[in-house]
Amino acid sequence: MRATSWLLLLYSLPTRQKTERVAVWRRFKKIGAIQIKTSTYLLPDNPAQYEHFQWLAQRIRDFGGDATLVRVREIEGMPNEKLIALFNRTRDEEYGAIKTALHGFLARDRKTESETKAAELQRLTRQFRQIRDIDFFQSPRGQDVQMLLRRAEGVPKKTLPRLEAKNYRGKTWLTRPHPEIDRVGSGWLIRRFIDRRAKFVFAATVPSNREIIPFDMVDVEFSHHGECCTFETLIRRFAIEDKAVRKIAEMIHDADLEDAKFQRSECIGIDRVLKGWVKNGMSDDQILVRGFECFDGLYSFLQRL
């Protein structure tokens, strides 16, 4: 979704109406609106969100307050990219709470009663869908959580066939924007061991073009499978036996899945650097270039051990 215009709801309520204020705040939160100034909330301009704001404006008036609904093309001092980042940052925080809960769910003793685990997973799935419904700009964190949910659901493992790298040369590979440790590491692996002429593009959803190969996205061939991150999946599918690469796989697994399976913390620092580059507004292409340099250095170091 790309916002070409925005909806602003400006309102006021008498200070004594604390209950009504809380009710209004909860409604803003439920519909995914972002507060940009005191008593000013923002939504992307589309019919469903317009209807939400219309209803809420009337509700505020019923409470004895004032409400004004405005449609604008731009907000001075706040370019569209900044506004979209505000929405994504809020959704990231909400997804983060579910991600933490899912890590706890996956780490819990397997002897926990199946009915209890099923109820908890159902609750987390419901919370995820509620956030997804207001994730207007498809925050990359959403797919991270969705892949964790797939893992928690315990989808039966499939025996995936080995592939020949020679059949995947000179291709265009696609992954989600704002690449972090698994996506950057997987891109490095593809360029170094599978497809030296690989081109990389970014999109939030998988395109219909079958010539483009998606990776580290929900429900695609080269992604998380079972307890494997995407980097590990690629190693298995293309039978990469390099010992240094195997060590990097363990590091990326622990940094990405946060389950301490291999007790390897080396890539956590790289992951934080990648996240920092995203926050600084570095382009996806530049993050890949610099990230590949990090992995080149790590690989050279590990080869000498």
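Panel note: side chain Thr233, backbone Ser223; a donor-acceptor pair is recorded below 3.5 Å. A donor-acceptor pair under 3.5 Å is formed between the side chain of Arg21 and the backbone N or O of Leu13. Judged by distance alone, the side chain of Gln143 and the main-chain N or O of Val218 form a donor-acceptor pair under 3.5 Å.
Phe262 CZ: more than 12 foreign heavy atoms inside a 6.0 Å radius. Within a 6.0 Å sphere centred on NZ of Lys261, other residues, nucleotides and ligands contribute more than 12 heavy atoms. Residue Gln58 places its CD atom among more than 12 non-hydrogen atoms of other residues, nucleotides or ligands, all under 6.0 Å distant. When the shell of 6.0 Å around CZ of Arg123 is examined, it contains more than 12 heavy atoms from other residues, nucleotides or ligands. By the 6.0 Å contact criterion, CD on Gln286 is enclosed, its count of non-hydrogen atoms from other residues, nucleotides or ligands being greater than 12.
Salt-bridge annotation for Asp133 and Arg129: absent, with no side-chain N of the basic residue lying under 4.0 Å from a carboxylate O of the acidic one. A salt bridge does not link Arg141 to Glu93: none of the charged nitrogens lies less than 4.0 Å from a carboxylate oxygen. Using a 4.0 Å cut-off between a side-chain N of Lys or Arg and a carboxylate O of Asp or Glu, Arg264 and Asp254 do not qualify as a salt bridge. Ion pairing between a basic and an acidic side chain is recognised when a charged N comes within 4.0 Å of a carboxylate O; Arg246 and Glu241 show such pairing. Contact check on Lys171 versus Asp195 returns no salt bridge, with no Lys/Arg side-chain nitrogen under 4.0 Å from an Asp/Glu carboxylate oxygen. A salt bridge is defined here as a Lys NZ or Arg NE, NH1 or NH2 lying under 4.0 Å from an Asp or Glu carboxylate O, and Glu221 with Arg237 meets this definition. The pair Arg89-Asp92 does not count as a salt bridge, with every side-chain nitrogen at least 4.0 angstrom from each carboxylate oxygen.
To the nearest 0.5 Å, atoms OG (Ser12) and CD1 (Ile60) are separated by 8.5 Å. Note that CD1 of Ile134 and OG of Ser139 are 11.5 Å apart. Values are rounded to the nearest 0.5 Å. Atom OH in Tyr299 sits 10.0 Å away from atom CG in Leu189 (nearest 0.5 Å). Note that CG of Asp135 is 10.5 Å distant from OG1 of Thr90, once rounded to the nearest 0.5 Å.
The nearest pair of heavy atoms linking Val220 to His225 is O-NE2, 3.7 Å.
Between Phe53 and Phe28, the angle of the ring planes goes over 60°, which puts this pair in the perpendicular group of the 30/60° scheme. Aromatic ring pairs are classed by plane angle as parallel below 30°, tilted from 30° to 60° and perpendicular above 60°; the pair Phe231 and Trp188 is parallel. By the 30° and 60° cut-offs, the orientation of the rings of Trp6 relative to Phe137 is tilted. Taking the six-membered ring where tryptophan is involved, the planes of Phe136 and Phe87 are perpendicular, since the angle between them exceeds 60° and thus also 30°. In this pair, Phe128 and Tyr95 present their aromatic rings tilted. The plane angle is within the 30 to 60° band.
Residues Asp45 and Gln49 bring no donor and acceptor atom of their side chains to less than 3.5 Å of each other. In summary, the side chains of Asp256 and His224 do present a donor paired with an acceptor at a separation below 3.5 Å, with no hydrogens or angles considered.
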Derivation and outcome, side chain to side chain contact (heavy atoms under 4.5 Å, CB included), residues Leu298 and Ile270: CA-CA 10 Å; Leu298 179 60; Ile270 295 177; 4.2 Å; yes

